[in-house]
Amino acid sequence: MKFQSVKGTRDFYPEMMRVRNWIADAWRRVSLRNGFEEYDAPIFEYLDLFTAKSGPEIAEQLFSFTDRGGRNLAIRPEITPSLARMVAAKVNSLPRPIKWFSVPRLCRAERPQRGRLREFFQWNVDVIGEPSVLADAECIFVLVDFLREVGLTPDDVQVRIGSRPLAVAAITAAGIGETGIDSALAVLDKRPKVDDGQFEKLCEGAGLSSQQIECICEFQDVEDLAELKKIPSLEKAADGIDDLVQLFEYVEAMGAGDYCRIDLRVVRGLAYYTGIVYEVFGEGESLRAVAGGGRYDRLLEVVGGPKVPATGFGMGDVVLEILLEEKGRLPAELRSRALDFFVIDGEDGIFETVLRVSGALRRAGFEADFSYKRQGVGKQLKTANRLGAAKVAIVRADGVSVKDLSSGKQVERTLEAFLADPRGL
RNA sequence: GUGGCUGUAGCUCAGUUGGUUAGAGCACCUGGUUGUGGUCCAGGGGGUCGGGGGUUCGAAUCCCCUCAGCCACCCCA
């Protein structure tokens, strides 16, 4: 072949497209029933929009180019900056809370590997303009609502919830100064992913003493919120603890508690999170997180807007599909195509009637198809099977036989009656 | 961006110590079983053995480069 698809991209042949649509349809269905509205943005933006949010280093991890007018542009690696830009432009005229979702196609110039490609789709759900944990709780509920919708159980996946301010308080209480907080957070983010020995090395690299590590780990290993309140050094972070307690009450009330658990080791990678943070992991799998999110109250300011609180999450299609595949949750129907009707010539010289019947079925809303070639009934039935047809309509000069291919039962109708009402039986 | 493993028809693979026109199953197409099916039978298309270069009388088979995939790092918005 002279050309191949670009590294890290996928071709969606019909059988793959069925899976992609099944996932995206579920994303949209769940978003809408939770009261969120869909939005979208351009697939490229000014490069500065992304560097403003994530720093200049990000530039080498995305696809950027200069247009003929000399503008420095980049294909979007995430949609949150676009969302912030859009909201900032109209923030005073939008009724709050702003509950929006999107299913953008994104590109990142990273090295492809399992669960990570250079082009992918990501479901984003955000609540903007609401500072209370009710908004965080609602996002988490939407997330759980989706997991349940696609058949994933609490045994399959878990939402692990942590708190950025609590982690910062614990780090501070361990005697680490302001300048060391970010590097300490970065190290803590690694803790669930490496063994104890590697973790110690990372800590040494970040300049943490063993006493400080012990102090922080003690905090991180707490699994009961009541225990948190007993830690004297966290007195100043009482609000953060109250937020977590409140969050779990909300999530519990909405019926999503069985998927959620506290996990103070979750702090998330980048620095812009300001409150509750969470990640979704498949049980028993060493796979990367299926979804992640949290509160980011300063983002709109960063893109030049007013100070407006925000919270939300993203879920990529690549890891999700692997997880669904491994858990056997992709429906068997997706394996083959489906058709409501296949229309067959029951005798010679009536092809025009086949077209009339096919047209009537299609206008009535059925997925109907017919063969381009005139051939025997037996061959056409084989074709109908191959196309996954539920029924066939065998057309003759004076009538139509409607046959159900799974039961083999056949019903006779006059041509006139069938054309007048293809749905009747 | 760094390192390791892999690369033969659309898919899963076979191909003997380098030796004549590179194979199988499935899939696809055509025809037959003479016109109500998922079976079966026959035939067919499709590969410059990922690509390029080298060693050799001769390479899918050995060497180098490159591309792509997978895995581990980096990173993870």
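Hydrogens, waters and symmetry mates are skipped; everything else that's a heavy atom, side chains included, is used. Naming: A, B, ... by sequence-line order, numbering from 1 per chain.
- Summarising the base pairing, B/C57 is matched to B/G19 through a Watson-Crick or G-U wobble pair whose two defining distances lie under 3.5 Å.
- In this structure, the nucleotide among B/G3, B/U39, B/A77 sitting nearest to the side chain of A/K382 is B/U39.
- For the P atoms, the distance linking B/G58 with B/A14 amounts to 29 Å, nearest Å.
- Protein atom CD of A/E60 is 15 Å distant from nucleotide atom C1' of B/A77, rounded to whole Å.
- The residue A/K7 sits close only to the backbone: its heavy atoms come under 4.0 Å of sugar-phosphate atoms, none of a base.
- To the nearest whole angstrom, the two C1' atoms, one in B/G50 and one in B/C67, are 7 Å apart.
- Both A/E279 and A/V6 lie near RNA chain B, and the one whose nearest nucleotide falls closer to the 5' end is A/V6.
- By the salt bridge (charged side-chain N to carboxylate O under 4.0 Å, His left out) test, A/R71 pairs with A/D67, sequence neighbours left out.
- Spacing between B/A59 and B/U8 at atom C1', rounded to whole Å, works out to 13 Å.
- Looking at A/R108, its side chain comes within 3.5 Å of the base of B/A77 through a donor and an acceptor atom.
- Taking atom P in both B/G15 and B/U30, one finds a spacing of 34 Å when rounded to whole Å.
- The CZ atom of A/F50 lies 13.5 Å from the CD atom of A/Q61; values are rounded to the nearest 0.5 Å.
- Nucleotide B/U33 has no partner under the Watson-Crick or G-U criteria, as no pair reaches both atom distances under 3.5 Å.
- Distance noted for atom C1' between B/U48 and B/U6: 22 Å (whole Å).
- In this structure, B/A72 forms a base pair with B/U2, meeting either the Watson-Crick or the G-U wobble geometry with both donor-acceptor distances under 3.5 Å.
- When the P atom is used for both B/U36 and B/U21, the distance is 49 Å, rounded to whole Å.
- Closest to the side chain of A/K373, out of B/A77, B/C29, B/U2, is B/C29.
- Nucleotides B/G4 and B/C40 place their P atoms 48 Å apart, quoted to the nearest Å.
- You'll find that the side chain of A/Q4 is closest to B/C67, out of B/C74, B/C70, B/C67.
- Rounded to whole Å, the separation between the P atoms of B/G31 and B/A68 comes to 42 Å.
- In this model, the phosphate group of B/A77 is approached by a side-chain N or O of A/R268 to a distance below 4.0 Å at OP1 or OP2.
- Using a 4.0 Å heavy-atom criterion, one finds that A/I344 contacts no nucleic acid atom at all.
- Taken from CG in A/D317 to CD in A/E119, the straight-line distance is 9.5 Å, to the nearest 0.5 Å.
- Checked by distance alone, A/Q410 brings a side-chain donor or acceptor within 3.5 Å of a matching partner on the base of B/U36.
- Side-chain N/O atoms of A/R114 include none lying less than 4.0 angstrom from OP1 or OP2 on B/C70.
- Distances were taken from every side-chain heavy atom of A/V377 (C-beta onward) to each of B/G35, B/A77, B/U30; the shortest belongs to B/G35.
- Nearest-nucleotide assignment on RNA chain B puts the 5′-proximal partner with A/R386, out of A/K403 and A/R386.
- Here the side chain of A/R116 is nearest to one of B/G38, B/U30, B/C76, namely B/C76.
- Taken to the nearest 0.5 Å, the OH atom of A/Y278 stands 9.5 Å off from the CZ atom of A/R295.
- Nucleotide B/G7 forms a Watson-Crick or G-U wobble pair with B/C67, both donor-acceptor distances falling under 3.5 Å.
- With salt bridges taken as basic N to acidic carboxylate O contacts below 4.0 Å, one links A/D263 and A/R265.
- Under the Watson-Crick or G-U wobble criterion, with both distances below 3.5 Å, B/A24 is paired with B/U12.
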